[in-house]
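One structure is given below, encoded as structure tokens.
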Amino acid sequence: MRPGIRHRRAVPLLALGLVLGAAGTAAAHVEVGSPTAQALAVDAEVAFSAEGESSTAGIADVKVVLPAGLTPADLTLVKAPSGWALTRTAEGFTVAGPALAPGAAADWTVRFRQLPDAASLVFKTLVDYSDGRTDRWIELPQGGAEPQHPAPVLALAPAAPGARALPTDGVTLSASVSPSVSPSPASASAAPTVAAGAAAGGEDGGGTTALVLGGVAGVAVLATLVVLVLRRRKSAS
């Protein structure tokens, strides 16, 4: 093959590679990864990265919906952009803080008590910008076609031999609880104790009141008797 022909064929192939490379980058607007991406892994750290898609506004917060097998009470924040904090929600968690510079990526890492026994985990994500714009990365592939706004997916290796699910501690997050504070078993069990103590206190208060009233009545009767005796003495004199 002559050099000229080889060069002419290489140019279209190179252009096609650049297009596919750009498409692959564009499809990964929110990425997720973990050095311990294995089913039933304990204290697993999972890192997220949301690309800044705006040239005029910065990312202000990111909302993540947890997949089945993961609960908000079982996660803690490891690191996040400066000034950002994590808030647990009924469906997952939110990381938020001062808006980042336009185009800057939001990177944060959370630690889960244990990953579930699954082949993969889907973390549907909403990225909010300082100008009110929201990017919704929540779509899943259908029919083999890559969605325009794919949700980040973490593939998990099979569980290690002998690995077992940790016992649950009964901690849940309901709509009646503030999403920024996770309930603890101690606080839940303390409620009946306090109520019982209050009821007992009410009974003791009633008994004390009866004793006091009885004492007052006794004093009044004694005073009346003294007055009558004095009046009789005066009358006799």
Side-chain angles (χ1 to χ4, degrees), residues 25 27-53 58-130 134-138 150-160 163-174 177-187:
T25 302
H29 297 290
V30 178
E31 299 178 349
V32 60
S34 173
T36 55
Q38 186 176 24
L40 299 180
V42 177
D43 291 333
E45 292 190 1
V46 179
F48 296 83
S49 180
E51 297 180 12
E53 300 272 328
I59 298 175
D61 66 73
V62 183
K63 301 178 179 69
V64 179
V65 177
L66 293 178
L70 293 176
T71 62
D74 287 337
L75 68 87
T76 55
L77 181 64
V78 177
K79 64 179 180 179
S82 178
W84 281 39
L86 180 145
T87 301
R88 296 176 179 86
T89 65
E91 295 183 334
F93 67 92
T94 298
V95 284
L100 304 180
D107 300 323
W108 72 96
T109 301
V110 295
R111 179 184 294 110
F112 291 102
R113 181 170 177 261
Q114 185 179 36
L115 297 181
D117 190 3
S120 62
L121 300 174
V122 179
F123 296 91
K124 295 183 178 182
T125 306
L126 276 63
V127 182
D128 297 326
Y129 290 83
S130 56
T134 298
D135 288 343
R136 302 169 60 87
W137 306 106
I138 59 175
V153 179
L154 178 65
L156 300 182
R164 295 183 179 180
L166 297 176
T168 58
D169 54 10
V171 176
T172 58
L173 189 68
S174 64
V177 179
S178 171
S180 61
V181 180
S182 61
S184 64
S187 61

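Below, all heavy atoms of this structure are taken into account, side chains as well, without hydrogens, waters or symmetry copies.
- Inter-residue side-chain proximity for Leu40 and Gln114 is flagged as met; some heavy-atom pair is nearer than 4.5 Å.
- Between Pro98 and Trp84, the closest heavy-atom pair is O-NE1, 2.9 Å.
- Taking the side chain as every heavy atom from C-beta outward, Ile59 and Tyr129 approach each other to under 4.5 Å.
- Considering every non-hydrogen atom in both Ser120 and Val153, the closest pair reads CB-CG1, 4.0 Å.
- In this structure, CZ on Arg136 lies 9.5 Å from NZ on Lys124, to the nearest 0.5 angstrom.
- Of all heavy-atom pairs between Ala96 and Asp61, the closest is CB-CB, 3.3 Å.
- At a threshold of 4.5 Å between non-hydrogen side-chain atoms, the residues Leu75 and Leu66 count as touching.
- Put simply, OG1 on Thr125 and CD1 on Ile138 are 10.0 Å apart, with the number rounded to the nearest 0.5 Å.
- Counting only heavy atoms from C-beta outward, the side chains of Trp108 and Ser49 never approach each other to under 4.5 Å.
- Residue Pro158 comes nearest to Gln38 through the heavy atom pair O-NE2, 3.0 Å, listed as atom of the first residue, atom of the second, then distance.
- One N or O on the side chain of Ser130 and one on the backbone of Gly58 form a donor-acceptor pair closer than 3.5 Å.
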### Task
Show your reasoning for whether side chain to side chain contact (heavy atoms under 4.5 Å, CB included) applies to Arg111 and Asp43.
CA-CA 6 Å; Arg111 179 184 294 110; Asp43 291 333; 4.1 Å; yes
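- Proximity of Lys63 to Thr89: side-chain heavy atoms (C-beta onward) are nowhere separated by under 4.5 Å.
- Considering OG1 of Thr76 and CZ of Phe112, their distance stands at 9.0 Å, rounded to 0.5 Å.
- Contact detail for Ala90 and Pro72: the closest heavy-atom pair is O-CG, 4.5 Å.
- For the pair Leu121 and Pro116, the tightest heavy-atom approach, listed with the atom from each and the gap, is CD2-CG, 3.5 Å.
- Each of Leu154, Val95, Thr109, Val110 was scored for a side chain to side chain contact (heavy atoms under 4.5 Å, CB included) with Phe48, with one residue passing: Val110.
- A donor-acceptor pair under 3.5 Å is formed between the side chain of Ser34 and the backbone N or O of Glu45.
- For the pair Glu53 (side chain) and Gly103 (backbone), a donor-acceptor distance under 3.5 Å is absent.
- In this structure the side chain of Val62 never reaches within 4.5 angstrom of the side chain of Trp137, judged on heavy atoms.
- Proximity of Phe123 to Leu70: side-chain heavy atoms (C-beta onward) are separated by under 4.5 Å at one or more points.
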